[in-house]
K.L.:
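My structure is below; once you've seen it, I'll send some questions.
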Amino acid sequence: MALFDAPPYRGPKSDHFDGRRFFNPAPEVHHASGGDLLKWMLSRKRGPWRRVHAEPGPPPPRRVEGDALRVTLVGHATLLVQMDGLNLLTDPVWAPRVSPVGFAGPKRFRPPGVRFEDLPPIDLVLLSHNHYDHCCLPTLRRLAAAHDAPPIVTGLGNAALLEKHGIPGAVELDWWEDTRVGEARVVGVEMQHFSGRGPRDRDRTLWLGLVVEHPRAGRVLFCGDTGYGPHFERIRERVGVPRLALIPIGAYRPRWFMKWVHVDPDEAVRAHLDLGAMTSVGMHYGTFALADDGMDEPIADLETARATHAVHPDAFRLLAHGVGEDIP
Ligand code: ZN
Ligand code: ZN
């Protein structure tokens, strides 16, 4: 096992695990090769990004009550979701860079929208997969220490990596498996993506989306990273229509390379429609420059996509970083 590789999952084969690697069942999904990566690296045409020096937003409320559902965009795939008796964070990242080492790799173009010290008590962490822009070990360690080691619900195989780094509380789910956290049910759902942290651990642990079903606040879907596919309709059929879907809209150019693993804003709007989500919130843009789309391109392309599909800006909305919004 090379230095940065995550420990591999070991378990029985399934329709998306061949005994060694996980895979998406759709046969047409193209798995990028080393040659594809090289081709992209040599032909990159990056859109512009700029440093944003914004003050963090106001401290979020400690708790919300009744059927309230409040969402705050911290940045990238990190969101604070608040329901009665349940504060959760998705793919929490407060680090200045998302890479295996502290001195290189994608760095932040804006500070986190919420100060770590201003977080309300965190009862649950949703961890979609082990890529560095989603699975930040220093942040997870800090959360465990400051918030009494909240449960971390994640995909098969990720507990070993967390345990190796002294982070307790991981609960592993396969797609369509569920677990209970307090009053809520958390369900793992299929997404079209991949995993890996080092040169030789590609697809050795599971990637997934997570649905939280709360008795009063309803159903919230966190997609993590995903390409477009029939799985959005499957989630609607098997788990149900979300009150709120958190859907990625950034890191999608060039399409020939990214389309299998990252939706573009048009596909994000189609996913919102496939899911039948009452409200969707865009994420995974504006903080880390991971692909060739410029900093503002996802926002402009989302506007076009909403117009194309006649989706109201309140139905698929973007949040100001650090400013909480109550979801209808
Ligand atoms: Zn990813
Ligand atoms: Zn990502």
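Remember, it's 1-based here, ligands and their atoms both numbered in the order they're listed. Numbering starts at 1 and runs along the sequence shown.
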K.L.:
Can you tell me if an N/O/S atom from Asp133 lies under 2.8 Å from the Zn ion (ligand 1)?
P.N.:
no
K.L.:
With respect to the Zn ion (ligand 1), what is the nearest N, O or S atom of Asp225?
P.N.:
OD2
K.L.:
I'd like the atom name of the N/O/S atom in His134 lying closest to the Zn ion (ligand 2).
P.N.:
NE2
K.L.:
For His129, what is the atom name of its N, O or S atom nearest to the Zn ion (ligand 1)?
P.N.:
NE2
K.L.:
Considering only N, O or S atoms, which atom of His131 is nearest to the Zn ion (ligand 1)?
P.N.:
ND1
K.L.:
Same hydrophobic cluster for Phe194 and Trp256, using side-chain heavy-atom links shorter than 4.5 Å among ILVMFWY?
P.N.:
no
K.L.:
Closer than 2.8 Å to the Zn ion (ligand 1): does that hold for any N, O or S atom in His262?
P.N.:
no
K.L.:
Could you tell me if the side chain of His76 sits less than 4.5 Å from the side chain of Leu290, heavy atoms only?
P.N.:
yes
K.L.:
Relative to each other, are the rings of Phe22 and Phe17 parallel, tilted or perpendicular (30° and 60° limits)?
P.N.:
tilted
K.L.:
Specify whether His193 and His129 have parallel, tilted or perpendicular ring planes, treating 30° as the upper limit for parallel and 60° as the lower limit for perpendicular.
P.N.:
perpendicular
K.L.:
Below 2.8 Å, any N, O or S contact between His76 and the Zn ion (ligand 2)?
P.N.:
no
K.L.:
Cut-off 3.5 Å, side chains only: do Tyr228 and Asp274 have a donor facing an acceptor?
P.N.:
yes
K.L.:
When the aromatic ring centroids of His272 and His309 are compared, is their separation below 6.0 Å?
P.N.:
no
